[in-house]
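Here the structure is laid out as C-alpha cells; the discussion comes afterwards.
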Amino acid sequence: MDQKQKVRDLMFRTEMARKQRLHPIWNEMGLIAGQPRVLSQLLIRDHETQKELADACCIEPATLSRALDKLESMGYISRNDNPECRRSFLIALTEEGRSVAQRVCEVFREIEGRMVTDFSEEEIGEFITLISRMYENLRS
C-alpha cells in the first residue's frame, strides 16, 4: 500500500471508528444519521432557513427535509414563517430540542477529546493545517 492509499485508508477507518462510537448514543437518543449535526448547528445559529441549514450541515436539501420532518414530529424543532421570504421557513429549536442539542454537543466534545488524546496543541494545529489543505485540494 502506497502512502496515498494509506492516507485514504486511515481517513476511512478513523471515520468508521468515530461512527461506531456515536451511533449507539444517537440510537439511544432516538436520532438517526444527520440529525445530530442539524441539532448542533441550530444550537450555534438558531432560526436558519432550510437552505442555510443544509449548506452549514453539508446535507442535500431533500435529505435535510426528511430529517427536519422527523425532528419536528419529535418536538425538537419548529418551522416558522420567514418574514423576509414567504416561500421559506425559519427552522428553530424548541425548548426540548435545545436540551437534546446541548446533549448532542456534549457527545461531540467527548468524542473529539478522545480523538485527540495525547496530541499536543501544536500537533492539533498541524493536523488542522494539513486536513484543511486536503479539503481545499478536493474543492478546487
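Quick note: residue numbers are just sequence positions, from 1. Basis for what follows: all heavy atoms, side chains included, without hydrogens, waters or symmetry-related copies.
Ion pairing of Arg133 with Glu136 is absent here, as no side-chain N (NZ or NE/NH1/NH2) approaches a carboxylate O to less than 4.0 Å. In summary, Asp69 and Arg79 engage in a salt bridge, as defined by a charged side-chain N under 4.0 Å from a carboxylate O.
Residues Leu31 and Ile59 share a single hydrophobic cluster, defined by chaining ILVMFWY side chains whose heavy atoms lie under 4.5 Å apart. Under the 4.5 Å side-chain heavy-atom criterion for grouping Ile, Leu, Val, Met, Phe, Trp and Tyr, Met115 is not connected to Leu130 through any hydrophobic cluster. Side-chain heavy atoms closer than 4.5 Å link hydrophobic residues (I, L, V, M, F, W, Y) into clusters, and following such links, even through other members, never connects Leu42 to Phe89. One hydrophobic cluster holds both Leu64 and Leu93 under the rule that ILVMFWY side chains link at heavy-atom gaps under 4.5 Å.
Residues near Leu10 contribute nothing to a hydrophobic cluster around it, because no ILVMFWY side-chain heavy atom sits closer than 4.5 Å to its side chain.
Ser73 places a side-chain N or O within 3.5 Å of a backbone atom of Lys70 that can act as its donor or acceptor partner. Of the possible polar contacts, one joining the Thr117 side chain to the Gly113 backbone as a donor-acceptor pair under 3.5 Å is found.
The environment of CD in Glu28 is sparse: at most 12 heavy-atom neighbours from other residues, nucleotides or ligands sit within 6.0 Å. With a 6.0 Å radius and a threshold of 12 heavy atoms from other residues, nucleotides or ligands, Gln3 has its CD atom at or below the threshold. More than 12 non-hydrogen atoms from other residues, nucleotides or ligands lie less than 6.0 angstrom from CD of Glu112. The number of heavy atoms from other shown groups lying within 6.0 Å of CZ (Phe108) is above 12.
Residues passing the side chain to side chain donor-acceptor pair (under 3.5 Å) test with Arg18 are Glu15, sequence neighbours excluded.
Arg37 contributes atom CZ, which lies 12.0 Å from atom CG of Leu39 (distance to the nearest 0.5 angstrom). For the atom pair CG (Asp2) and CZ (Arg8), the distance works out to 8.5 Å, reported to the nearest 0.5 Å. The OG atom of Ser132 sits 9.5 Å away from atom OH of Tyr135, with the distance rounded to the nearest 0.5 Å. Residue Met29 holds its CE atom at 11.0 Å from CG of Leu22, rounded to the nearest 0.5 Å. Atom CD1 of Ile128 sits about 12.0 Å away from atom CD of Glu123, to the nearest 0.5 Å.
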Take Ile131 and Met134 through the side chain to side chain contact (heavy atoms under 4.5 Å, CB included) test and state the conclusion after the steps.
CA-CA 5 Å; Ile131 202 80; Met134 279 184 180; 3.9 Å; yes
Please determine whether side chain to side chain contact (heavy atoms under 4.5 Å, CB included) holds for the pair Ser120 and Ile124, giving the CA-CA distance in whole Å, both sets of side-chain angles, and the decisive distance to 0.1 Å.
CA-CA 6 Å; Ser120 69; Ile124 294 170; over 6 Å; no
Please evaluate residues Glu126 and Glu122 with respect to the criterion side chain to side chain contact (heavy atoms under 4.5 Å, CB included), reporting the C-alpha separation (whole Å), side-chain torsions for both, the decisive distance (0.1 Å), and the verdict.
CA-CA 6 Å; Glu126 289 171 13; Glu122 183 178 315; 3.2 Å; yes
Verdict with supporting geometry, Val104 and Trp26, side chain to side chain contact (heavy atoms under 4.5 Å, CB included)
CA-CA 8 Å; Val104 163; Trp26 301 152; 3.9 Å; yes
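In this structure, the side chains of Leu68 and Leu53 come closer than 4.5 Å at one or more pairs of heavy atoms. Side-chain contact between Val38 and Ile77 is absent, with no heavy-atom pair separated by less than 4.5 Å. Between Arg21 and Arg114, some side-chain heavy-atom pair lies under the 4.5 Å cut-off. Asp9 is listed as a side-chain neighbour of Arg13, based on a closest heavy-atom distance under 4.5 Å.
Legend: side-chain hydrogen bond (donor to acceptor under 3.5 Å, both in side chains) pairs involving residues 40-61, not counting sequence neighbours, sorted by first then second residue: Arg45-Glu48, Asp46-Arg98, Thr49-Glu52, Lys51-Asp55.
Counting all heavy atoms, side chain and backbone alike, Ala92 lies closest to Asn80 at CB-ND2, 3.8 Å.
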